[in-house]
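Here's the structure, in structure tokens; my notes come after.
Positions are given from 1 along the sequence. Values in this document were obtained by computation on a predicted structure and should not be read as measured data.
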Amino acid sequence: QVQLVESGGGLVQAGDSLRLSCAASGRTFSSYRMGWFRQAPGKEREFVAAITWKLGNLYYADSVKGRFTISGNSAKNTVYLQMNSLKPEDTAVYYCAADRGTFTSIPIPDRRRYDYWGQGTQVTVSS
């Protein structure tokens, strides 16, 4: 089992920055891919970014490319999402997720690929 706990959300103004953190505990997740998703009120949960630990591959949704950066510290079992130039449309609950490679036929941005989820952290961007 893997437990994921997100932190770092808050209320900011458009153009500001935030850094989200996701701390993992339980089984080591160095072999996992870690992802960030978000869900706005009344909308589907959508992919934001992902990182593959062993190969260091990074994946981003088009809507956040150039503004968000995913990174991780395997020694601390923590993955980060640096969010710059925030926009009101970035307002959502942000979720951390872990992919242990169970569903390799499912595309990386598909939430069904991920086995473990955190409880989420709220990010609100005012205009």
Side-chain angles (χ1 to χ4, degrees):
Q1 286 289 338
V2 174
Q3 293 79 44
L4 304 174
V5 179
E6 303 94 335
S7 61
L11 172 63
V12 296
Q13 293 187 331
D16 285 351
S17 298
L18 274 177
R19 189 176 81 156
L20 305 183
S21 300
C22 172
S25 61
R27 294 179 61 183
T28 178
F29 73 131
S30 60
S31 61
Y32 294 6
R33 176 179 295 111
M34 300 296 295
W36 285 98
F37 287 74
R38 67 186 182 186
Q39 188 167 17
K43 294 190 175 181
E44 296 276 324
R45 190 171 299 189
E46 65 175 2
F47 173 76
V48 175
I51 180 170
T52 303
W53 284 114
K54 286 188 176 178
L55 300 178
N57 295 337
L58 306 178
Y59 308 85
Y60 295 99
D62 288 342
S63 58
V64 306
K65 272 181 190 173
R67 300 188 299 122
F68 291 11
T69 302
I70 188 170
S71 63
N73 185 325
S74 58
K76 294 184 177 181
N77 282 351
T78 301
V79 63
Y80 306 97
L81 185 68
Q82 177 67 43
M83 306 185 295
N84 299 329
S85 302
L86 282 161
K87 304 175 181 180
E89 51 263 42
D90 295 319
T91 295
V93 177
Y94 283 71
Y95 297 91
C96 176
D99 164 21
R100 59 178 182 176
T102 306
F103 307 107
T104 55
S105 62
I106 298 175
I108 289 169
D110 191 322
R111 59 179 292 188
R112 295 172 297 170
R113 189 182 174 106
Y114 296 79
D115 304 273
Y116 303 103
W117 293 84
Q119 83 290 347
T121 185
Q122 176 70 47
V123 172
T124 303
V125 184
S126 63
S127 57

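Side-chain N or O atoms of Thr104 include none that pairs as donor or acceptor with a backbone N or O of Gly101 at under 3.5 Å. At least one donor-acceptor pair under 3.5 Å links the side chain of Glu6 to the backbone N or O of Cys96. Panel note: side chain Ser105, backbone Phe103; no donor-acceptor pair is recorded below 3.5 Å. At least one donor-acceptor pair under 3.5 Å links the side chain of Arg67 to the backbone N or O of Ser85. With hydrogens and angles ignored, the 3.5 Å screen pairs no side-chain donor or acceptor of Thr121 with any backbone N or O of Ser7. With hydrogens and angles ignored, the 3.5 Å screen pairs a side-chain donor or acceptor of Tyr114 with a backbone N or O of Ile108.
Placement of Tyr60 and Ile51 within a single hydrophobic cluster is found when ILVMFWY residues are connected by side-chain heavy-atom separations under 4.5 Å, directly or transitively. When the side chains of ILVMFWY residues are joined at heavy-atom separations under 4.5 Å, either directly or via intervening members, Met34 and Phe47 end up in two distinct hydrophobic clusters.
Asp110 and Arg113 are not joined by a salt bridge, as no carboxylate oxygen comes within less than 4.0 angstrom of a charged side-chain nitrogen.
Minimum interatomic distance between Ser127 and Ala14 (heavy atoms only, all atoms of both residues): CA-CB, 4.4 Å. Here the closest heavy-atom approach between residue Val79 and residue Trp53 is recorded as CB-CZ2, 4.5 Å. For the pair Val48 and Val64, the tightest heavy-atom approach, listed with the atom from each and the gap, is O-CG2, 3.5 Å. Closest non-hydrogen pair, Ala24 versus Leu4, comes out as CB-CD2, 3.7 Å. Tyr94 and Asp90 make their closest contact through OH-O, 2.6 Å (heavy atoms, listed as atom of the first residue, atom of the second, distance). A pairwise comparison of heavy atoms in Tyr95 and Gln119 identifies CE2-O, 3.5 Å as the closest pair.
Arg100 forms no cation-pi arrangement with Tyr32, by the criterion of a distance under 6.0 Å to the ring centre and an angle within 45° of the ring axis.
Distance CG/Asn84 to CD/Gln82: 4.5 Å, rounded to 0.5 Å. Tyr80 contributes atom OH, which lies 5.0 Å from atom CG of Asn73 (distance to the nearest 0.5 angstrom). Between the CG atom in Asn77 and the OG atom in Ser25 there is a gap of 8.5 Å [rounded to 0.5 Å]. The distance from the CH2 atom of Trp36 to the CE atom of Met83 is 8.0 Å, given to the nearest 0.5 Å.
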Verdict with reasoning, Leu20 to Val123, per side-chain contact (heavy atoms from CB on, under 4.5 Å): CA-CA 9 Å; Leu20 305 183; Val123 172; 4.0 Å; yes

Stepwise side-chain contact (heavy atoms from CB on, under 4.5 Å) check, Tyr59 with Arg33: CA-CA 11 Å; Tyr59 308 85; Arg33 176 179 295 111; 4.0 Å; yes

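In this structure, Ser63 and Arg38 have side chains that are in contact, with non-hydrogen atoms separated by less than 4.5 Å. Between Leu58 and Ile70, the closest side-chain pair of non-hydrogen atoms falls below 4.5 Å. Using a 4.5 Å heavy-atom threshold, the side chains of Gln39 and Glu46 count as separate. Leu81 has its side chain out of reach of Arg19: every pair of non-hydrogen atoms, C-beta onward, lies at least 4.5 Å apart.
Ring pair Trp117/Phe37: centre-to-centre distance below 6.0 Å.
Residues Gln122 and Thr124 bring a donor and an acceptor atom of their side chains to less than 3.5 Å of each other.
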